[in-house]
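Heads up, the thing below is written out as structure tokens.
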Amino acid sequence: MTPLNLRGRVALVTGAAGGLGAHFSRTLGRAGAKVVLTGRRLDPLQDLARRLGEEDGIEALAISSDVSDADSVHACFDAAQDAFGVVDIVVCNAGHAATKPSLSMSDSDWDQVVNVNLKGAWLVANEGTRRLVAAGKPGSVIVISSILGHRVAGGVVSYAVSKAGVEQMVKALALEWARHDIRVNALAPGYIETDMNREFFSSEAGQAMIKRIPQRRLGQARDLDGPLLLLASDASRYMTGSTIVVDGGHLQSSL
């Protein structure tokens, strides 16, 4: 069995209905994991679960859940555990952005972003780890961060702050949970092409942004497969509190 094999593992992915969330779910399932698909909208999750089963033979379960609500997160893990057993790969992928100047941002704009990106990741990671500790099992928590947790851009103050908070949270939780054999790491993508941003990146402004990426191209979802499987599997058993940046060198570009 290769270190990247996930047979016998149970993975839970938040924000699974979206482009990257769906891709992460398929990648983990193809590696052998049973996959729990979570998000607010049940219909697209159920459709994804059906397609994963039909196209790839992946055992997948769709559960509606709000990551910013502790009771909802608890109920989600209950349902996942009843169906597949204790979740031992937790992927905190759910995210939200409010793109507007800071002086135009309302309190509710700020709260929505921080509640999903930071509080939501905390609630999901904590709930998953409580159950692993109770079961005496090791596990891996993977928080999807962003290069905006390391640098800033205009109009995304709440998003950048939330991702910077995620980076510190990963380090703090890794320190506390290492004694329980729970690893906590972050995956920080740069600009990855999805259905939602494809139109922008085909525009003049989008093309100009791509030229500032040292590799002169957008990332593809499959560029995240190796890092995701590394962090999910025993191949990274001595890694915790780390961030893997996948950005085509964007963080190294000059200001």
Between [X] (side chain) and [Y] (backbone), is there a donor-acceptor pair under 3.5 Å?
{"X": "Ser140", "Y": "Ile89", "result": "no"}
{"X": "Asn185", "Y": "Thr243", "result": "no"}
{"X": "Arg183", "Y": "Ser236", "result": "yes"}
{"X": "Asp109", "Y": "Ser106", "result": "yes"}
{"X": "Ser253", "Y": "Pro214", "result": "no"}
{"X": "Ser65", "Y": "Gly39", "result": "no"}

Within the 4.5 Å heavy-atom criterion, are [X] and [Y] side-chain neighbours or not?
{"X": "Leu224", "Y": "Pro189", "answer": "yes"}
{"X": "Ile147", "Y": "Val245", "answer": "yes"}
{"X": "Thr38", "Y": "Leu12", "answer": "yes"}
{"X": "Arg30", "Y": "Thr27", "answer": "no"}
{"X": "Leu132", "Y": "Asp88", "answer": "yes"}
{"X": "Val166", "Y": "Leu118", "answer": "yes"}
{"X": "Val35", "Y": "Phe84", "answer": "no"}
{"X": "His96", "Y": "Val67", "answer": "no"}

Tell me whether [Y] is reachable from [X] by hopping between hydrophobic residues (I, L, V, M, F, W, Y) whose side-chain heavy atoms are closer than 4.5 Å.
{"X": "Ile142", "Y": "Val90", "value": "no"}
{"X": "Leu123", "Y": "Trp177", "value": "yes"}
{"X": "Leu228", "Y": "Leu37", "value": "yes"}
{"X": "Phe77", "Y": "Trp122", "value": "yes"}
{"X": "Ile192", "Y": "Ile144", "value": "yes"}

Go through the structure and list residues passing ring pair (Phe, Tyr, Trp, His ring centres under 6.0 Å) with Tyr191, not counting sequence neighbours. Phe201, His250

Got a second to check how far [X]'s [atom1] is from [Y]'s [atom2], nearest 0.5 Å?
{"X": "Ser25", "Y": "Asn93", "atom1": "OG", "atom2": "CG", "answer": "8.0 Å"}
{"X": "Ser162", "Y": "Gln112", "atom1": "OG", "atom2": "CD", "answer": "12.0 Å"}
{"X": "Asp43", "Y": "Leu48", "atom1": "CG", "atom2": "CG", "answer": "12.5 Å"}
{"X": "Ser72", "Y": "Arg40", "atom1": "OG", "atom2": "CZ", "answer": "9.0 Å"}
{"X": "Leu28", "Y": "Arg9", "atom1": "CG", "atom2": "CZ", "answer": "9.5 Å"}
{"X": "Ile182", "Y": "Lys137", "atom1": "CD1", "atom2": "NZ", "answer": "10.0 Å"}

Heavy atoms of other groups near [X] [atom1], more than 12 under 6.0 Å:
{"X": "Arg41", "atom1": "CZ", "answer": "no"}
{"X": "Asp82", "atom1": "CG", "answer": "yes"}
{"X": "Glu204", "atom1": "CD", "answer": "no"}
{"X": "Arg216", "atom1": "CZ", "answer": "yes"}
{"X": "Glu199", "atom1": "CD", "answer": "no"}
{"X": "Arg50", "atom1": "CZ", "answer": "yes"}

Of the non-hydrogen atoms in [X] and [Y], which two are nearest, and what is the gap between them?
{"X": "Ala98", "Y": "Ser158", "result": "O-OG, 4.3 Å"}
{"X": "Val170", "Y": "Ser242", "result": "CG1-O, 4.2 Å"}
{"X": "His150", "Y": "Ala188", "result": "NE2-CB, 4.5 Å"}

Check this for me, if you would: do [X] and [Y] make a salt bridge, where the nitrogen-to-carboxylate-oxygen distance has to be below 4.0 angstrom?
{"X": "Glu167", "Y": "Lys163", "answer": "no"}
{"X": "Arg131", "Y": "Asp78", "answer": "yes"}
{"X": "Arg217", "Y": "Asp223", "answer": "yes"}

Can a donor-acceptor pair be found between the side chains of Asn126 and Thr129 at a distance below 3.5 Å? no

Worked verdict on Val10 versus Val86 for side chain to side chain contact (heavy atoms under 4.5 Å, CB included): CA-CA 7 Å; Val10 179; Val86 177; over 6 Å; no

Which is it for Leu231 and Ile244 under the side chain to side chain contact (heavy atoms under 4.5 Å, CB included) test, yes or no, and what are the steps along the way? CA-CA 9 Å; Leu231 295 179; Ile244 299 179; 3.7 Å; yes

Steps toward side chain to side chain contact (heavy atoms under 4.5 Å, CB included) verdict (Leu187, Val246): CA-CA 8 Å; Leu187 177 57; Val246 185; 3.8 Å; yes

Stepwise, does the side chain to side chain contact (heavy atoms under 4.5 Å, CB included) test hold for Ile63 with Leu42? CA-CA 7 Å; Ile63 303 175; Leu42 186 58; 5.9 Å; no

